[in-house]
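I have placed the structure first, in the form of structure tokens, so that the comments after it can refer back to it.
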Amino acid sequence: MAMDRRVFLVLLLAGCADTSPQGPLTAVTPPALTPEPRTPSAPAPTPATPVPAGELAFDTWLADFRVRALAAGLSAELLDRELAGVTPDPKVISLDSRQPEFSKPVGDYIKGVISDDRVAAGRRKREELAFLPTIEARYGVPRDILLAVWAMESAFGQLQGNFDVVRSMVSLAADGRRRAWAEGELIAALKIIDSGEVTRQQLRGSWAGAMGQTQFIPSSYRSTAVDFDGDGRRDIWGSDADSLASAANLLAKGGWKPGVGWAKEVILPAGFDYSVTEGPRDVPAVWEAKGVRRADGLPWTAADAASPAMLILPAGATGPAFLALPNHFAIRTYNNSTSYALGIGLLADRFGGGEPPVTPWPVETPLSMSDRMAAQIALARVGFNPGPADGVIGAGTRKALRAWQQSQQLPADGYLSNDMVARLKAQAGITP
């Protein structure tokens with residue numbers, strides 16, 4: 001899309017656009033003008049071609065972004081070259097706005113993560129890659145954790161994504177839902193190109209801009225990727241060594257503590273107070289005083305025994321319980337999801353010869369988006385604020401749910417099951 005296309009209209013209507021961060025700019029239609037009288041001999045004017053509102057809004061954003069990009073140190077020449085002809089990618093916008101209709105239970109997620117084939121492949125890589133011990137020694141992150149990240153992010157480098165990262169970031173920034181973040185990543189991507197380290201053609205990744213074998217966003221690539229194989233390039237697309245060393249550097253910067261575990265499965269005593277879930281972080285001895293025991297019956301290492309741990313119940317009171325050690329939260333700097341961090345840790349354990357959790361994952365029915373939102377609305381109606389009713393069951397919703405469960409003399413595990421949804425809807429007067 002040419003940078004100067006319909007510039008006058010863009011500037012004229014810029015002040016009439018809706019710049020709400022919740023959505024894309026929407027041009028306001030100007031009032032109709034009364035045509036001037038003309039003589040019968042005068043030729044009729046050619047009707048103007050209507051300008052699509054979305055296209056006009058994109059041009060407005062692009063003109064504004066150019067100003068911000070220049071202020072961030074990018075050259076006009078670079079912007080003209082890399083943004084000439086760029087258009088939003090409808091597929092990226094669709095994927096960004098799509099919420100899953102059904103939420104996969106954590107047990108199903110973990111079972112999908114830890115397949116026999118994936119475990120076998122990780123164990124082979126563990127033996128084949130001679131550089132793994134050196135990466136582990138340099139960054140302090142165990143090789144099994146790095147292999148698990150590699151497996152989860154790109155199937156050991158096989159599924160990296162083939163979206164043009166610049167166009168993806170343009171699409172997300174122009175759409176507006178995550179404008180500030182996407183503009184920052186777009187500027188980072190353009191700076192990568194400007195450095196000459198990676199070409200625009202090589203800058204490929206997922207629809208959301210995550211790149212390479214370990215799926216780094218552009219800003220993480222600039223700040224954290226490393227050239228481990230010594231060829232002068234930080235190649236997270238083609239170099240296994242660079243990819244895994246970069247992941248190790250990211251986790252180290254995220255607070256990884258060498259010699260400390262990531263989590264241990266535990267068994268809770270009868271009558272346990274589940275309301276402490278996702279609450280205090282105490283050393284294992286404090287939890288043991290409450291009757292909490294390691295599921296494998298082994299003693300704590302000195303490093304783990306000195307580390308504060310949080311109790312998490314990812315599938316509620318009927319599923320496995322874990323004491324999450326500091327490195328659980330370091331993994332979440334990669335992806336801030338309890339399920340993701342559990343997937344990485346449990347997969348890494350299996351690569352190293354560990355066993356699945358002692359307590360089986362419960363068989364559950366997936367919750368629909370409408371049920372998740374109804375539960376959040378119900379919690380708010382009965383006086384327990386979960387935050388926005390967006391269908392995302394995050395820390396705020398779980399905290400509100402635990403408080404409501406306590407008020408109902410229910411096990412306060414903060415887990416939203418179908419039974420909890422039905423109870424909440426009934427109390428709040430929400431019809432099925």
Side-chain angles (χ1 to χ4, degrees), residues 113-114 118-119 121-126 128-165 168-169 181 185 188-189 192 195 197-199 202-256 258 262 327-337 339-348 350-352:
V113 165
I114 308 177
R118 179 172 280 179
V119 170
R123 289 175 177 173
R124 285 196 302 271
K125 299 286 187 184
R126 196 177 194 266
E128 294 170 357
L129 301 180
F131 55 77
L132 282 174
T134 308
I135 292 177
E136 186 175 303
R138 181 175 301 180
Y139 296 100
V141 182
R143 66 197 74 180
D144 292 329
I145 291 289
L146 299 177
L147 290 169
V149 169
W150 195 22
M152 291 271 282
E153 294 294 340
S154 68
F156 303 105
Q158 299 304 303
L159 303 173
Q160 299 184 34
N162 197 35
F163 283 83
D164 173 1
V165 170
S168 289
M169 292 298 99
W181 172 82
E185 294 305 318
I192 292 170
S195 72
E197 188 172 16
V198 181
T199 68
Q202 293 170 320
L203 212 60
R204 316 296 291 185
S206 74
W207 66 267
M211 309 180 301
Q213 299 190 41
T214 43
Q215 295 289 280
F216 274 28
I217 56 175
S219 60
S220 293
Y221 176 87
R222 294 190 72 228
S223 65
T224 309
V226 297
D227 171 24
F228 191 80
D229 60 17
D231 67 354
R233 294 181 61 238
R234 299 183 295 171
D235 183 8
I236 62 172
W237 295 268
S239 169
D240 296 352
D242 287 2
S243 298
L244 295 182
S246 297
N249 193 31
L250 187 150
L251 290 170
K253 287 186 173 185
W256 187 273
W262 69 275
N327 288 334
H328 167 88
F329 301 97
I331 295 171
R332 286 171 63 170
T333 63
Y334 219 113
N335 182 324
N336 190 23
S337 159
S339 296
Y340 176 86
L342 280 170
I344 293 292
L346 291 171
L347 184 58
R350 295 293 299 280
F351 289 160

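Computed over heavy atoms, backbone and side chain alike; hydrogens, waters and symmetry mates excluded.
A 4.5 Å side-chain heavy-atom check between Ile217 and Trp181 finds at least one atom pair inside the cut-off. Residues Pro218 and Val165 are in side-chain contact: their nearest non-hydrogen atoms beyond the backbone lie under 4.5 Å apart. Proximity of Leu244 to Trp150: side-chain heavy atoms (C-beta onward) are separated by under 4.5 Å at one or more points. Between Asp235 and Asp229 there is no side-chain heavy-atom pair separated by less than 4.5 Å. Using a 4.5 Å cut-off on side-chain heavy atoms (C-beta onward), Ile331 and Trp256 make contact. Using a 4.5 Å heavy-atom threshold, the side chains of Asp164 and Arg204 count as touching. Using a 4.5 Å heavy-atom cutoff, the side chains of Tyr221 and Glu197 are in contact.
The aromatic rings of Phe216 and Tyr334 sit perpendicular, their planes meeting at an angle over 60°, well past the 30° parallel limit.
With hydrogens and angles disregarded, no donor-acceptor distance shorter than 3.5 Å links the side chain of Gln160 to the backbone of Gln215. When atom types are taken as modelled, the side chain of Ser168 and the backbone of Ala208 share no donor-acceptor pair closer than 3.5 angstrom. Looking at Arg350, its side chain never comes within 3.5 Å of a backbone N or O of Val119 through a donor-acceptor pair. Distance alone, capped at 3.5 Å, is enough to place a donor-acceptor pair between the Arg118 side chain and the Val113 backbone.
Nearest heavy-atom pair across Ala248 and Ile135 is CB-CG2, 3.8 Å. Ala151 and Leu347 get closest at one heavy-atom pair: CB-CD2, 4.0 Å. The shortest non-hydrogen separation linking Ile192 to Leu203 is CG2-CD1, 4.1 Å. Scanning both residues, Ser219 and Ala188, for their nearest heavy atoms gives N-CB, 3.7 Å. What you find for Asp227 and Arg234 is that their closest heavy atoms are N-CG, 3.6 Å. Nearest heavy-atom pair, Ala330 versus Leu251, reported as atom, atom and distance to 0.1 Å: O-CD2, 3.6 Å.
To the nearest 0.5 Å, the span separating CD1 on Ile236 from CG on Asp242 amounts to 9.0 Å. Atom CG of Asp144 is separated from atom NZ of Lys125 by 14.5 Å, given to the nearest 0.5 angstrom. To the nearest 0.5 Å, atom CG of residue Leu132 and atom CG of residue Leu147 are 5.5 Å apart. To the nearest 0.5 Å, atoms CH2 (Trp237) and CE (Met211) are separated by 4.5 Å. Interatomic distance, CZ of Phe329 versus CG of Asn336, reported as 9.5 Å (0.5 Å rounding). One finds the CG atom of Leu129 at 11.5 Å from the OG1 atom of Thr134 (value rounded to the nearest 0.5 Å).
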Step-by-step side-chain contact (heavy atoms from CB on, under 4.5 Å) determination, Tyr139 to Val226 = CA-CA 12 Å; Tyr139 296 100; Val226 297; 3.7 Å; yes

Step by step, work out the side-chain contact (heavy atoms from CB on, under 4.5 Å) result for Gln213 and Glu153.
-> CA-CA 7 Å; Gln213 299 190 41; Glu153 294 294 340; over 6 Å; no

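For Trp262, there are no ring-ring contact (aromatic ring centres under 6.0 Å, His included) partners, not counting sequence neighbours.
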